[in-house]
Every structure is written in structure tokens, then in C-alpha cells.
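Below is one structure; the comments refer to it alone.
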Amino acid sequence: MDDRKPWLSVLVPAFNVENFVTGCLESILSQIAGDRIELVVLDDASTDGTARLIADLQDRHSGRMRIERVEANIGVNEARNRLLDRARGDYVWFVDADDRMSGRAVDALRTIVAKHAPDVVLCDFRRIPLYPAMVGQAAQFASFAGPARQVLSDRSVLLAGLYMAGHMQLWSKVFKRRLWDSDFRLPLGTHFEDIAFSSLVASRADTYYYEPSAWIEYRENPASVVRTMTLKKYVELADAIRRSGEVLKQHRSILDGAAFSAFMSFRDRHFVLCYRELLRYPPGPERSQTLAAVLALYRQSLDGGERRAFRYLKKLDVKKYIRIRKWEGRARRAAAALLARGDLRSQS
């Protein structure tokens, strides 16, 4: 690999993705030849053919990718921590090993960086259906709701646009390495950290640029986090949203009401999703404990109660407020169902 410092580090954590990893890495390798770009792949102790496929690609593309390996599975968060520690580029771009980078994405990013050097570059993504028969359902999704193809510096607009779009995945954001605080670590063994981490990076960005082109092809994976939801993961989702709110609290002095309002709408949509899905689980102590934990995290996340009611009513969004309260009430009653028998302690 070129001894000069790379301008971009593409970081790919990989675990048991033998059906996807070759397509992912080839889509990157085809765009970085002869450029100061490093591709670093971390094999997270895969037990299928992932490690062999990565090694084969390294042999075929000598000097153009670096492989890190661990002996025991550490999970995607720690894999990302270690990849960031090893990244040498001025910019960092995480790509999931079951996705692909769209053609010409690197050229487009290079042009934006050379001309504007923004702290964060946002891009759209395209969903690739799992089954060929569903190909007509492929669609492009925006990662940002706001002005495109211009350099902006209002962090409130940036955060509001992220929450309004609702797609917080890290792979749709390229950011300067310096925005990463070496003291900040993604927590081990949890999911949905993209929500809190994207909020943190956005809160530190002085400038940003949104390119409304699909640079990532998101391939639906039956083993993905969202397709393998568990009771524990719903609590992790709720906690990631709470921590995203904590980021806003820490920057309250430089943010306006648009960022907080957009976050609250984002938060409420996801908590309704949690309540609705959890209420489909069979009644019992485990479901009740999970609902109680999610409700407790909801109350902790930035704002609530009368201030939340006032916001909705002030905007004349009465139907939305009633819908939120309906689901919250159903969740609270279900969580409290076993309290009388002493199975749960109140978390109010």
C-alpha cells in the first residue's frame, strides 16, 4: 500500500458474511486503484467461509487492502472501535460487509472533498431486495432532509435533517477522523449504536455537505440486526435513542429548537414501533420487564410529559399526540400487568 498518508480510510467489519463479502470488497477495490485510499477489513472470528474469501481477495489485489483478525468474536461495535484506532486517513467511511459501494461513489466523494473539505459528507442509499422476485421494490432512501449539494455549517439544520430523514446508519456518512474522540468508545455487546454515534459526529461538525445520490447499495440480509429482533434489542434501541438525546442536551447552548423538535418526532416514532412490536410477544414476565425498561428509557430521553404535550398541541398535531399517548398507555398497562403479583418492581 502507498506509504503516503491516505486521504480516505474505508473500514469494513466482517462476521459470517460469506454470501456477501466478495461483492462488497470488489465494489470498493474497483474504485480505489492508484489512489491514496486504504481499505481495512476486520475479520471478527468468522466461522463460515468469510476469512478464506477475504484472504483470496487480498491475494488477487496485492497491497490494496489490509486485513485485521481477532481470535474471538468481539462484535461489531468493538470491531469498529479497533478499525478506527487503525485508520490513517483524514476521512473515514464505514461500509458493512453485506452491502456494496455504488460505482463512481469514490470519484464523487473525492471531488467534494477536494473542492469543499467538509467535516461530514452525507449520501443516500439504495435498498437491494433479498429475493430476485422483489427487484421491483428496490428504492432509494434519503439520509438527510435538507439542502443538497452545498456546504452548510448550521448544526441544528444538520441534526434536524438527520432525524427527519430517520436513517442514522453510519455507512451513509463519511466524516473526518478528527471528529472521533479517542476517549469515546462504542459500547460492547449492544446494537443500534449508529443512532448515538451519528448524533455525536454531527454535533461536532463545523461544515457538512449532502449529496443526494445512492453511494451505498444496502443488501437485505436475513441475519441482519433488524431482521433478528429480540426483546433485548428493543431495549438497546431505546437506550441508543436516549443517548442520542443526551448528545443534544450536551450541545443545548448551540442548537435551536428545530434539532430538538426533530429528535422528539424521531424518538416518538421509534418508541411507538417498540411498543407495537413488543405487544405482539406473548404476555409474561419477560415481555413486561422489557416494556417497563423501554418506558423508563422513553421518560429519560430529553423531554416528556406536559412539555411534550404542549409541543404537539402548539403545532396542532393533535392526532399524533393522541396516537402516541394511546400506544404509551397500552405499553404501560401491559408492563404493569404483573406488578400485583410481585413479578416486577415499578420503574416509574
- [ ] For this output row, return yes or no: ring centroids of Phe197 and Phe175 closer than 6.0 angstrom.
- [x] yes

Task: Shortest non-hydrogen contact between Pro13 and Ala97, atoms and distance - done: O-CB, 3.5 Å

Task: Exam field: side chain Ser265 to backbone Ala262, donor-acceptor pair closer than 3.5 Å - done: no

TODO: Identify the residue among Lys115, Arg149, Arg110 that makes a salt bridge (charged side-chain N to carboxylate O under 4.0 Å, His left out) with Glu211.
DONE: Arg149

Open item on the list: Quick check against the 3.5 Å criterion: does Arg100 have a side-chain atom that pairs as donor or acceptor with the backbone of Gly23?
Closed with: no

Open item on the list: If we count only N and O atoms by modelled type, under 3.5 Å, do the side chains of Tyr210 and Ser143 hold a donor and an acceptor together?
Closed with: no

- [ ] Check the surroundings of atom CZ in Arg104: do more than 12 heavy atoms from other residues, nucleotides or ligands lie under 6.0 Å from it?
- [x] no

Open item on the list: Please determine whether a side-chain nitrogen of the Lys or Arg among Arg66 and Glu68 lies less than 4.0 Å from a carboxylate oxygen of the Asp or Glu.
Closed with: yes

Task: Side chains of Leu8 and Val174 in contact at under 4.5 Å (non-hydrogen atoms) - done: yes

TODO: State, yes or no, whether a side-chain contact exists between Arg155 and Leu255 at a heavy-atom distance under 4.5 Å.
DONE: yes

- [ ] Measure the shortest side-chain to side-chain distance between Arg287 and Pro283 over non-hydrogen atoms and say whether it is less than 4.5 angstrom.
- [x] yes

TODO: Indicate the atoms forming the closest heavy-atom contact of Leu279 with Ala331, along with that distance.
DONE: CD1-N, 4.4 Å

Task: Joint cluster assignment, Phe15 & Ile74, ILVMFWY side-chain distance < 4.5 Å - done: no

Open item on the list: For Ser261 and Tyr163: C-alpha separation, side-chain torsions, deciding distance, then whether side chain to side chain donor-acceptor pair (under 3.5 Å) applies.
Closed with: CA-CA 9 Å; Ser261 178; Tyr163 292 128; over 6 Å; no

Task: Plane angle bin for Phe125 and Phe141 - parallel if under 30°, tilted between 30 and 60°, otherwise perpendicular - done: parallel

- [ ] Could you verify whether a donor N or O on one side chain and an acceptor N or O on the other, from Asn77 and Thr190, lie under 3.5 Å apart?
- [x] yes

Open item on the list: Tell me the closest heavy-atom pair linking Leu57 and Val21, and the distance in Å.
Closed with: CD1-O, 4.5 Å

- [ ] Please determine if Arg243 and Glu246 form a salt bridge, counting it only when a charged side-chain N lies under 4.0 Å from a carboxylate O.
- [x] no

Open item on the list: Just so I know, are the side chains of Phe20 and Asp96 near enough to count as touching, which here means a heavy-atom distance under 4.5 Å?
Closed with: no

- [ ] Return the minimal non-hydrogen interatomic distance between Pro118 and Lys176, and the atom names on each side.
- [x] O-CE, 3.6 Å

Task: Check: Leu158 and Leu122 side chains under 4.5 Å, non-hydrogen atoms - done: yes

Open item on the list: For Trp215 and Trp93, take the angle between the two ring planes, folded into 0 to 90°, and tell me which bin it lands in: parallel under 30, tilted 30 to 60, perpendicular over 60.
Closed with: tilted

- [ ] Verify the cluster assignment for Phe192 and Leu273: are they in a single hydrophobic cluster under the rule of side-chain heavy atoms below 4.5 Å apart?
- [x] no

Task: Heavy-atom pair with the smallest gap, counting every atom of Ala72 and Ala45 - done: C-CB, 3.6 Å

Open item on the list: How close do Arg332 and Leu295 get, counting heavy atoms only, and between which atoms?
Closed with: CA-CD1, 3.5 Å

Open item on the list: Check this for me, if you would: do Asp85 and Arg82 make a salt bridge, where the nitrogen-to-carboxylate-oxygen distance has to be below 4.0 angstrom?
Closed with: no

Open item on the list: Counting neighbours of CZ on Arg276 that are heavy atoms of other residues, nucleotides or ligands and sit closer than 6.0 Å, is the number greater than 12?
Closed with: yes

- [ ] Using atom types as modelled and distance alone, determine if a side-chain donor or acceptor of Ser301 lies under 3.5 Å from a backbone N or O of Gly245.
- [x] no

TODO: State whether the side chain of Thr50 and the backbone N or O of Val17 hold a donor-acceptor pair below 3.5 Å, judged by distance alone.
DONE: yes

Open item on the list: Salt bridge or not between Arg86 and Glu38? Use side-chain N to carboxylate O under 4.0 Å.
Closed with: no

Task: Any side-chain heavy-atom pair of Gln31 and Asp107 under 4.5 Å - done: no

Open item on the list: Any non-hydrogen side-chain atom of His251 less than 4.5 Å from a side-chain atom of Leu159?
Closed with: no

- [ ] Check the pair Trp327, Phe271 against ring-ring contact (aromatic ring centres under 6.0 Å, His included), reporting the backbone distance first and the verdict last.
- [x] CA-CA 9 Å; Trp327 282 104; Phe271 274 92; over 10 Å; no

- [ ] Answer yes or no on whether Arg80 is positioned over the face of Phe94, meaning its NZ or CZ is under 6.0 Å from the six-membered ring centre and within 45° of the axis.
- [x] yes

- [ ] Report yes if some heavy atom in the side chain of Thr207 is under 4.5 Å from a heavy atom in the side chain of His116; otherwise report no.
- [x] no

- [ ] Inspect the contact between Arg52 and Glu18 and indicate whether a charged nitrogen and a carboxylate oxygen are less than 4.0 angstrom apart.
- [x] no

Task: Worked verdict on Leu162 versus Ser199 for side-chain contact (heavy atoms from CB on, under 4.5 Å) - done: CA-CA 8 Å; Leu162 289 174; Ser199 301; over 6 Å; no

- [ ] Look only at the side chain of Arg69 and the backbone of Asp43, and say whether a donor-acceptor pair between them is shorter than 3.5 Å.
- [x] no

